[in-house]
Asker: 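Sharing a structure below in structure tokens format, with a few things to ask.
First listed ligand is number 1; within each ligand, the first listed atom is number 1.
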Amino acid sequence: MIKKPFIAPSVLSCDFTKMGEQIRQVEGVGCSFFHIDVMDGIFVPNISIGQPVVKSLRKFTRSVLDTHLMITEPERYIDSFADAGADILTIHIESTANPAAVLKKIKDRGVIPAVSIKPKTDPALLQPLLPLCGMILVMTVEPGFGGQRMISEALDNLREVRKMVDASGYKIDIEVDGGIDTETIGLAVAAGADIIVAGSAVFGKSDPAAAYLELDKAIGDYTSI
Ligand code: DX5
Ligand code: ZN
């Protein structure tokens, strides 16, 4: 059986006064995995949310909290995000002098370690980190903002990472993030994504549950038994 890729709605596109309500709507149609974008205004030119929101969500839901740290020197905050209840912590390879040490620290805290590359970063840099991560996040927009158009050249990185992971024999999920909608989701699946982040295409819509189902249907062609 080939595992069907699935969608990770990004709460960045929620109406923050209704985040719980909107998460419940999407959980109601089968979603149990949410992407949380943390931005520090330094690694990326935008500021979003942090540990207090992860902590509140942890009390609110048993769904997977997939936390994407777009912050400089993430080693400073691994403990506090682990304490807050993140299930997955993704760091950027570009954000720290020693990504291997940070990934080890995440694992030691009992959290799934993941590493991300921006669109212009060489995927070959990930090779030595493969034994240390449970997930790789390939960005298909420059990180910092929801609602951008996919950089289609970044799908080459996704294909390269897919090959690298398959050749390695390690069990690593590959996630894609940025500019996913009903038009581009097929490209991401064909390029090898297992987990597909979608912000504006789910929580940016007036009916997030219907939008989630519509995106999920667009993956349908790739399901097998
Ligand atoms: C961008 C974030 C994304 C963002 C995706 O820096 O990492 O997760 O929420 O938003 P969309 O799906 O609207 O491109
Ligand atoms: Zn993200």
Asker: Could you list which atoms of ligand 1 come closer than 4.0 Å to a heavy atom of L12?
Answerer: 9 (O)

Asker: Is the side chain of Q22 donor-acceptor paired with the backbone N or O of D15 at a distance under 3.5 Å, no angle test?
Answerer: yes

Asker: Which residue holds the protein heavy atom closest to atom 11 (P) of ligand 1, what is that atom called, and what is the gap in Å?
Answerer: G147 N, 3.6 Å

Asker: Within the 4.5 Å heavy-atom criterion, are L129 and P99 side-chain neighbours or not?
Answerer: yes

Asker: Give the residue and atom name of whichever protein heavy atom lies nearest to atom 1 (C) of ligand 1, and the separation in Å to one decimal.
Answerer: F145 O, 3.5 Å

Asker: Would you check whether G178 reaches within less than 4.0 Å of ligand 1, judged by its heavy atoms?
Answerer: yes

Asker: Can you name the atoms of ligand 1, numbered from 1 with element, that are less than 4.0 Å from a heavy atom of M139?
Answerer: 7 (O)

Asker: As a test of understanding, state which of I36, D177, L89 forms a side chain to side chain contact (heavy atoms under 4.5 Å, CB included) with H68.
Answerer: D177

Asker: Checking side chain to side chain contact (heavy atoms under 4.5 Å, CB included) between I136 and each of N157, L130, D173, which is the one that passes?
Answerer: L130

Asker: Got a salt bridge between D181 and K205, using NZ or NE/NH1/NH2 to carboxylate O under 4.0 Å?
Answerer: no

Asker: Identify the closest protein heavy atom to atom 3 (C) of ligand 1: which residue and atom is it, and at what distance?
Answerer: D177 OD1, 2.9 Å

Asker: So if I count the atoms of ligand 1 from 1 in the order they appear, which ones are less than 4.0 Å from some heavy atom of P143?
Answerer: 6 (O)

Asker: Which of the atoms in ligand 1, numbered in the order shown and given with their element, are less than 4.0 Å from a heavy-atom of A198?
Answerer: 12 (O)

Asker: Is a side-chain donor-acceptor pair under 3.5 Å present for D83 with S80?
Answerer: no

Asker: If we ignore hydrogens and angles and just use 3.5 Å, is the side chain of E94 paired with the main-chain N or O of T121 as donor and acceptor?
Answerer: no

Asker: Decide yes or no for M70 and D40: does some side-chain heavy atom of the first lie under 4.5 Å from some side-chain heavy atom of the second?
Answerer: no

Asker: Decide, yes or no, whether a salt bridge links E214 with K217 under the criterion of side-chain N to carboxylate O below 4.0 Å.
Answerer: no

Asker: By number and element, which atoms of ligand 1 are closer than 4.0 Å to a non-hydrogen atom of S200?
Answerer: 11 (P), 12 (O), 13 (O)

Asker: So which heavy atom in the protein is nearest atom 6 (O) of ligand 1, and how far is it from that ligand atom?
Answerer: G144 N, 2.7 Å

Asker: Nearest protein heavy atom to atom 14 (O) of ligand 1, by residue and atom, and its distance?
Answerer: G179 N, 2.9 Å

Asker: Assess the side chains of D37 and H35: does a donor N or O sit below 3.5 Å from an acceptor N or O?
Answerer: yes

Asker: Side chain or backbone, does S13 bring an N or O within less than 3.5 Å of an N or O on ligand 1?
Answerer: no

Asker: Which ligand 1 atoms, with their elements, are less than 4.0 angstrom from a heavy-atom of H35?
Answerer: 8 (O)

Asker: For atom 9 (O) of ligand 1, what is the nearest protein heavy atom, given as residue, atom name and distance?
Answerer: D37 OD2, 2.8 Å

Asker: What residue and atom, counting heavy atoms only, is the protein's closest point to atom 12 (O) of ligand 1, and at what distance?
Answerer: G199 N, 2.7 Å

Asker: Hey, which atoms in ligand 1 end up nearer than 4.0 Å to a heavy atom of G146?
Answerer: 10 (O), 13 (O)

Asker: Quick one: does R58's side chain have a donor or acceptor within less than 3.5 Å of a partner on T61's backbone?
Answerer: yes

Asker: In this structure, does ligand 1 have an atom that sits under 4.0 Å from one of the heavy atoms of M70?
Answerer: yes

Asker: Run through the protein N/O/S atoms less than 2.8 Å from the Zn ion (ligand 2) and write them out by chain and number.
Answerer: H35 NE2, D37 OD1, H68 ND1, D177 OD2

Asker: Is E142 close enough to touch ligand 1? Criterion: a residue heavy atom under 4.0 Å from a ligand atom.
Answerer: no

Asker: Treating N46 as the side-chain partner and G144 as the backbone partner, does any N or O pair qualify as donor plus acceptor under 3.5 Å?
Answerer: yes

Asker: What atoms in ligand 1 come closer than 4.0 Å to a heavy atom of V197?
Answerer: 8 (O)

Asker: Might you work through the side chain to side chain contact (heavy atoms under 4.5 Å, CB included) test for L69 and I78, ending with a clear yes or no?
Answerer: CA-CA 10 Å; L69 299 179; I78 299 309; 4.1 Å; yes

Asker: Got a salt bridge between D156 and R159, using NZ or NE/NH1/NH2 to carboxylate O under 4.0 Å?
Answerer: yes

Asker: Would the distance check show the side chain of S13 and the main-chain N or O of F203 forming a donor-acceptor pair, the cut-off being under 3.5 Å?
Answerer: no

